[in-house]
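Bear in mind that the values here come from a model prediction, so they are computed numbers and not experimental data. No hydrogens, no waters, no symmetry mates; every other heavy atom, side chains included, goes into these values. Note that ligands are numbered from 1 as they come in the structure, with each ligand's atoms numbered from 1 the same way.
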Amino acid sequence: MYWYYIIATIIVLLDQWTKWLIVRRMEIGESIPVIDGFFHITSHRNQGAAWGILQGQMLFFYIVTTVVIVAIVYYLQKYGKNDKWVGISLGIILGGAIGNFIDRLFRQEVVDFLDFYIFNYNFPIFNVADSALTVGVILFIIATILDERKKGKAKNVN
Ligand SMILES: CCC[C@@H]1OC(=O)[C@@H](C)C[C@H](C)CCCCC(=O)CCC[C@@H](CC)/C=C/C=C(\COC)CC[C@@H](O)[C@@H](O)C[C@H](O)CNC1=O
C-alpha cells in the first residue's frame, strides 16, 4: 500500500538532487552536449508551466498543484489497493507534482536541464519531475483503459 508513496519519494529525491547539481555546478544558459545535436544538459529556469505558458502565475500553480496532490492522495487511499498499476502511475505523478511544487515554493521558478533536439526541433527544456508527470499520465491512462477492459470482460463472462 505504501509502495506508491515510496515511489513518489524516490522521484522527489532524484528530481531535487539533479536540480541541486545543476544549480550548483552550472551557470544559467550554460549547455553541455551529451550527445551533440541530440541531447544537451542546459541550465534553464522557467517561471511558467509547459512551454513557458502562464509566466509568473505562481498562485495559480500553487492552487492547481495542491488540487492535483490532494486528488492523487485521495484516489490512492480509495483505489490504490485495487489496481497496482493505477497506484504506481499515481505515485509517479505525485512525485513529479511535488518536485516542481518545491521549486515553485522555494525558488519561484522551476529548474530545467534536459534539452533534446528532435529532428532539429528544440523541445522545451524539462526536468526529472516533468518526465515523471508525463510518464505517469501516460501510464495512468493505459492502466485505466486496461482496468476497464478487465471489468468489461468479467461482466461478459457472468
Ligand atoms: C509536464 C507537465 C508540466 C509541469 O506541470 C506541473 O508542474 C504540474 C504539476 C502543475 C502545472 C501548474 C499544471 C499542469 C499544466 C499542464 C501543462 O503544462 C501541459 C502539460 C502537457 C505535457 C503533456 C503531459 C507536455 C509536456 C511538456 C513538457 C515536459 O515534457 C517532458 C515541457 C516542460 C517544459 O516546458 C518545462 O520548462 C516545464 C517546467 O519544468 C514546469 N513544469 C510543469 O509545469
Close-contact set for ligand 1 against [X] heavy atoms, below 4.0 Å:
{"X": "L133", "value": "4 (C), 5 (O), 6 (C), 7 (O), 9 (C)"}
{"X": "A49", "value": "18 (O), 35 (O), 38 (C), 44 (O)"}
{"X": "D112", "value": "36 (C), 37 (O), 39 (C), 40 (O)"}
{"X": "F123", "value": "30 (O)"}
{"X": "N127", "value": "40 (O)"}
{"X": "W51", "value": "25 (C), 35 (O)"}
{"X": "I125", "value": "34 (C), 36 (C), 37 (O)"}
{"X": "V64", "value": "13 (C)"}

Q) Under 6.0 Å between ring centres, would you say that holds for H40 and Y117? A) yes

Q: Measure centre to centre between the rings of F116 and F39, then say whether the value is under 6.0 Å.
A: yes

Q: Note the single closest protein heavy atom to atom 32 (C) of ligand 1, along with its residue, its atom name and the distance in Å.
A: P124 CB, 3.9 Å

Below a 4.0 angstrom heavy-atom separation, can you tell me which part of [X], side chain or backbone, both or neither, approaches ligand 1?
{"X": "M58", "value": "neither"}
{"X": "V137", "value": "neither"}
{"X": "F60", "value": "neither"}

Q. Is I138 reachable from I93 through a run of I, L, V, M, F, W or Y residues, each pair having side-chain heavy atoms under 4.5 Å apart?
A. no

Any protein heavy atom < 4.0 Å from [atom]:
{"atom": "atom 6 (C) of ligand 1", "answer": "yes"}
{"atom": "atom 22 (C) of ligand 1", "answer": "no"}
{"atom": "atom 12 (C) of ligand 1", "answer": "yes"}

Q.
Does any N or O of ligand 1 fall below 3.5 Å from an N or O anywhere on I53, backbone included?
A. no

Q: Report yes if T65 has an N/O atom closer than 3.5 Å to an N/O atom of ligand 1; otherwise report no.
A: no

Q: Flag yes if more than 12 heavy atoms outside E27 fall under 6.0 Å of its CD atom; otherwise flag no.
A: no

(Q) Taking OH in Y121 as the centre, count heavy atoms belonging to other residues, nucleotides or ligands within less than 6.0 Å. Is the count above 12? (A) yes

Looking at ligand 1, is there an atom of it that comes within less than 4.0 Å of some heavy atom belonging to [X]?
{"X": "V68", "answer": "no"}
{"X": "H44", "answer": "no"}
{"X": "F101", "answer": "no"}

Q.
Within the 4.5 Å heavy-atom criterion, are F101 and Y62 side-chain neighbours or not?
A. yes

